[in-house]
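Quick notes on the structure that follows.
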Amino acid sequence: MNKKIVQVEIRQAKAVNFENKFFVQALRGNSFGEIDRRGKLMIFRLKKSFKISGSRVITSVLAHLKMTGQLIYEKKIGKKVEVVAGGHKLIEKDFDLPNKHTQVIFTFDDRGELFFNDLRRFGYMKLATVEEVQKVLSAFGIEPFTKNFTYENFLAALLKRKVTIKVALLDQKKIAGIGNIYADEVCFCAGVLPTRPVVSLSAAEKKKIFVCITEILKMAIKHRGTTFKDYLDSEGKKGNYTDFLKVFDREGEKCGRCGNLVKKIKSNGRGTHFCPGCQH
DNA sequence: CGGATTGTTCTTCC
DNA sequence: CGGAAGAACAATCC
């Protein structure tokens, strides 16, 4: 990004850590450099570090959107806004931001604005020191789409686990980035019941699950994620992977693969969807 | 009004 | 101590 942040407006004090005053102090006049991601956590590296008490030095902003968070970048032009990505103007529309769900607004020196919106307010933006970032990052397991995501490493992550495959897939410490929706979809893709203990899986089933993780995530990203009601991407657009979901949120519907009715149960405190006909 | 929703963290148990 | 399981938490909607 590298644009200078000229203004930071915090509308919901609880959306950020530290006192609002400090949060603004650390970021005003600063700029975001590299932007990384680990699992579902985004890391905005700051161009200039910021010293706080006890020789601690803030170097990054950690952002988590949880279920209903949005980060939307827009630029006002007259009475319209243009939505910009990669330096290209995409669409013009009436501006509807900020809205009542807007938690934080960053204004940049080119008059572009980044809105952090969150209807249910589970998400956050946190200032973090090098040590805090390091600690947070080290807690994540293998990252799909990296060279570390090999079948051997996947098997090692599952090894000795006395949990169900769904719980294992959701465990960010083992494999980073899979949430409730895609855990169900991966299990369907592999033809394996989400409630199967990891130890009961055959080699062929484990291989299938491994392949399905990449397949499902790749498709989901291609279709810009799954929008139920609230999610919008950084361009303010809805994801349309909903149309491709095979079992999630399809309770009572006919399975596209075998025609049985999709079931929904509660497993480990989470809504869990599967087809009793073709998942075993 | 209560249950459902999500990802993460805390608590408790063995 | 560590893994597993379950509760708690954030806030809102239907």
Side-chain angles (χ1 to χ4, degrees), chain A residues 10-18 20 23 37-43 61-71 98-104 115-126 128 132-144 155-187 194-201 213 216-217 220 225-233 238-239 241-242 245 247-252 262-274:
Chain A
I10 300 168
R11 299 190 154 208
Q12 290 289 346
K14 288 176 76 177
V16 304
N17 63 347
F18 291 103
N20 293 6
F23 193 86
R37 177 198 59 78
R38 197 78 167 81
K40 297 156 201 148
L41 186 74
M42 288 175 277
I43 305 121
V61 175
L62 303 179
H64 203 306
L65 300 178
K66 297 290 178 89
M67 27 176 337
T68 56
Q70 313 169 331
L71 275 177
N99 61 27
K100 64 176 175 178
H101 305 306
T102 301
Q103 318 282 307
V104 187
F115 296 92
F116 170 42
N117 305 321
D118 194 357
L119 185 144
R120 295 211 177 149
R121 298 208 250 160
F122 291 0
Y124 60 78
M125 296 192 105
K126 284 182 180 174
E132 284 163 348
V133 171
Q134 195 50 49
K135 192 182 166 204
V136 165
L137 293 191
S138 65
F140 283 101
I142 343 165
E143 190 74 44
L155 287 181
L158 294 185
L159 201 67
K160 289 191 208 165
R161 302 227 56 194
K162 290 177 180 150
V163 294
T164 64
I165 181 60
K166 176 162 177 179
V167 167
L169 290 174
L170 286 173
D171 189 344
Q172 306 298 304
K173 292 180 185 65
K174 303 295 177 187
I175 303 164
I178 303 174
N180 199 39
I181 295 173
Y182 302 122
D184 283 0
E185 293 297 314
V186 167
C187 288
T195 49
R196 285 274 298 283
V198 166
V199 289
S200 77
L201 297 171
I213 291 171
I216 293 289
L217 291 182
T226 304
T227 303
F228 286 104
K229 298 180 187 68
D230 315 299
Y231 175 78
L232 296 174
D233 67 15
K238 283 172 177 284
Y241 192 71
T242 358
L245 295 175
V247 285
F248 192 89
D249 206 31
R250 293 204 184 279
E251 184 184 16
V262 173
K263 278 192 79 172
K264 178 181 179 183
I265 59 167
K266 180 150 265 191
S267 180
N268 296 94
R270 291 287 172 256
T272 297
H273 312 69
F274 63 94

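Throughout, a chain's letter reflects where its sequence line sits, starting with A, and its residues are numbered from 1.
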Query raised in the report: When rounded to the nearest 0.5 angstrom, what distance separates CD1 in I178(A) from CD1 in I213(A)?
Result: 4.0 Å

Query - Candidate list M125(A), R121(A), Q70(A), test side-chain contact (heavy atoms from CB on, under 4.5 Å), partner Q103(A), passing option - result: R121(A)

Query raised in the report: How is K173(A) classified with respect to the nucleic acid when contacts are heavy atoms under 4.0 Å: base, sugar-phosphate, or nothing?
Result: nothing

Report task. Quick one: list whatever passes side chain to side chain contact (heavy atoms under 4.5 Å, CB included) with I265(A), sequence neighbours left out. Result -> T195(A), S267(A), T272(A), F274(A)

**Report entry** Boundaries of the chain A footprint along DNA chain B (any atom under 4.0 Å from a heavy atom)
**Finding:** dA4(B) to dT8(B)

Requested in this report: Could you check whether K100(A) gets within reach of a base, just the sugar-phosphate, or nothing at all, counting any heavy atom under 4.0 Å?
Outcome: nothing

Query raised in the report: Do the side chains of V247(A) and C187(A) get nearer than 4.5 Å, heavy atoms only?
Result: no

Query - Interatomic spacing from NZ in K66(A) to CG in L119(A) - rounded to 0.5 Å - result: 15.0 Å

Show every donor-acceptor pair shorter than 3.5 Å between a side-chain atom in residues 156-163 of chain A and any protein atom, with sequence neighbours excluded, or say none if there are none.
from    : atom 1 : to      : atom 2 : distance (Å)
R161(A) : NH1    : D171(A) : OD2    : 2.8

Report task. Encode nucleotides 3-12 of chain C as B, S and - characters from 5' to 3', where the letter depends on protein heavy atoms closer than 4.0 Å: B to the base, S only to sugar-phosphate, - to neither. Result -> -SS----BBB

Report task. Kindly write out the residues that satisfy side chain to side chain contact (heavy atoms under 4.5 Å, CB included) with E132(A), not counting sequence neighbours, or none if the list is empty. Result -> R56(A), A128(A), T129(A)

Report task. Taking side chain to side chain contact (heavy atoms under 4.5 Å, CB included) as the test, write out the residues that go with Q134(A), two or more places apart. Result -> none

Report task. Tell me what G179(A) touches on the nucleic acid: a base, only sugar-phosphate, or nothing, going by heavy atoms under 4.0 Å. Result -> sugar-phosphate

